[in-house]
Amino acid sequence: MGYLQEEWLVYFYEAPDHPYQDWLRFLKKGFKHCGVLGYLPKTHQWVHLEWTHAGIRHILLEGDEIDNILGFMKNFQVLRCPVRNQWHLFRVKDFTCVTFIMRLIGFYKWYILTPYQLFCALRKAGYSSFYKTNGQKKEKNPRTDNR
């Protein structure tokens with residue numbers, strides 16, 4: 001029997017080499033896409049899931065692969081999200097990376113459309129960052145900070 005995933009690391013990022021269409025310019029810088037990473041303790045592997053316009057991507061990662069991804073993600077936002085069971089009878093907007101992640105972690109709000117809105121809603125709901133700052137001030141990152 002398999003392992004029931006109880007927590008996902010939800011990441012929000014913007015690929016530097018991916019050209020976004022003009023109609024996606026309204027998305028906040030650094031929050032153009034989201035996906036998840038989960039740990040499988042029985043096999044000591046990580047699962048990487050993301051919804052793309054080319055389909056759902058499912059990759060198993062080990063060793064240096066996960067170190068490289070987590071190192072890359074330090075420049076972006078990663079939240080620890082425990083899975084909740086939130087049942088809904090009717091959902092109409094299941095066609096983006098955001099709705100895929102919401103359904104995966106059991107967090108559903110009808111008004112969330114963009115990765116940044118999901119990030120803000122998860123933070124407001126009490127979900128914490130994967131990377132602890134230990135009371136240190138976060139330095140501004142010109143690549144991801146829109147202040």
Side-chain angles (χ1 to χ4, degrees), residues 1-16 18 20 24 26-141 143-147:
M1 191 72 179
Y3 169 74
L4 182 62
Q5 189 70 38
E6 295 180 8
E7 181 177 73
W8 292 98
L9 299 181
V10 177
Y11 63 82
F12 301 88
Y13 85 107
E14 176 178 356
H18 186 74
Y20 287 93
L24 291 176
F26 67 91
L27 295 175
K28 186 169 178 72
K29 188 160 182 61
F31 290 89
K32 304 249 175 162
H33 184 63
C34 55
V36 295
L37 296 165
Y39 184 66
L40 302 172
K42 288 184 179 182
T43 61
H44 303 290
Q45 294 177 315
W46 286 80
V47 175
H48 178 223
L49 283 173
E50 62 181 334
W51 187 96
T52 69
H53 291 288
I56 295 172
R57 300 295 182 222
H58 175 262
I59 304 166
L60 292 176
L61 305 168
E62 297 176 351
D64 289 342
E65 295 172 317
I66 192 64
D67 292 340
N68 292 338
I69 286 180
L70 291 176
F72 175 77
M73 288 298 166
K74 278 195 166 213
N75 295 325
F76 300 99
Q77 297 294 329
V78 179
L79 299 178
R80 297 174 71 123
C81 298
V83 175
R84 301 178 349 182
N85 293 319
Q86 190 180 30
W87 188 86
H88 285 274
L89 178 62
F90 186 65
R91 296 181 190 197
V92 294
K93 58 183 184 78
D94 286 330
F95 61 92
T96 67
C97 60
V98 173
T99 54
F100 177 77
I101 300 304
M102 284 195 298
R103 183 164 285 211
L104 188 65
I105 65 172
F107 184 89
Y108 185 76
K109 304 289 183 204
W110 65 269
Y111 54 84
I112 296 176
L113 301 173
T114 69
Y116 185 67
Q117 288 175 321
L118 177 59
F119 172 75
C120 291
L122 291 172
R123 290 298 301 214
K124 188 175 181 179
Y127 292 78
S128 63
S129 174
F130 175 69
Y131 300 108
K132 302 289 183 189
T133 58
N134 296 325
Q136 301 169 351
K137 281 190 171 181
K138 181 183 173 193
E139 294 181 27
K140 287 186 180 180
N141 184 343
R143 284 186 42 203
T144 60
D145 220 351
N146 282 346
R147 294 182 207 177

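Just so you know, these numbers use all the heavy atoms, side chains as well, and skip hydrogens, waters and symmetry mates.
Taking CZ of Phe72 as the reference point, atom OH of Tyr11 lies at 10.0 Å (rounded to 0.5 Å). Note that the CD atom of Gln77 and the SG atom of Cys120 stand 9.5 Å from one another [nearest 0.5 Å]. The CD atom of Glu7 lies 9.0 Å from the CZ atom of Phe130; values are rounded to the nearest 0.5 Å. Atom CZ of residue Arg84 and atom OH of residue Tyr108 lie 13.5 Å apart, to the nearest 0.5 angstrom. Here OG1 of Thr96 is found 7.5 Å from CG of Leu113. Values are rounded to the nearest 0.5 Å. Rounding to the nearest 0.5 angstrom, the gap separating the CD1 atom in Ile105 from the CG atom in Leu9 is 11.0 Å.
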Which is it for Glu50 and Ile56 under the side chain to side chain contact (heavy atoms under 4.5 Å, CB included) test, yes or no, and what are the steps along the way?
CA-CA 6 Å; Glu50 62 181 334; Ile56 295 172; over 6 Å; no

Could you walk me through whether Ile112 and Phe107 pass the side chain to side chain contact (heavy atoms under 4.5 Å, CB included) test, one step at a time?
CA-CA 10 Å; Ile112 296 176; Phe107 184 89; 4.0 Å; yes

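Judged as a side chain to side chain contact (heavy atoms under 4.5 Å, CB included), and not counting sequence neighbours, the contacts of Leu60 are Leu40, Gln45, Val47, His58. Listed by chain and number, the residues in a side chain to side chain donor-acceptor pair (under 3.5 Å) with Arg57 amount to none (sequence neighbours excluded).
Residues Trp46 and Ile69 form no side-chain contact, since every pair of their non-hydrogen atoms from C-beta on lies 4.5 Å or further apart. Under the 4.5 Å side-chain criterion, counting only non-hydrogen atoms from C-beta, Trp51 is not in contact with Cys34. For the pair Ile101/Val36, a side-chain contact is recorded, criterion being any heavy-atom separation below 4.5 Å from C-beta on. The shortest distance between side-chain heavy atoms of Leu37 and Val78 does not fall below 4.5 Å.
Using cut-offs of 30° and 60° on the angle between ring planes, the pair His33 and Tyr13 is perpendicular. Between Phe12 and Phe31, the ring planes are tilted. Angles from 30° to 60° get that label.
Heavy-atom minimum distance, Arg123 versus Ser128: NH1-C, 4.3 Å.
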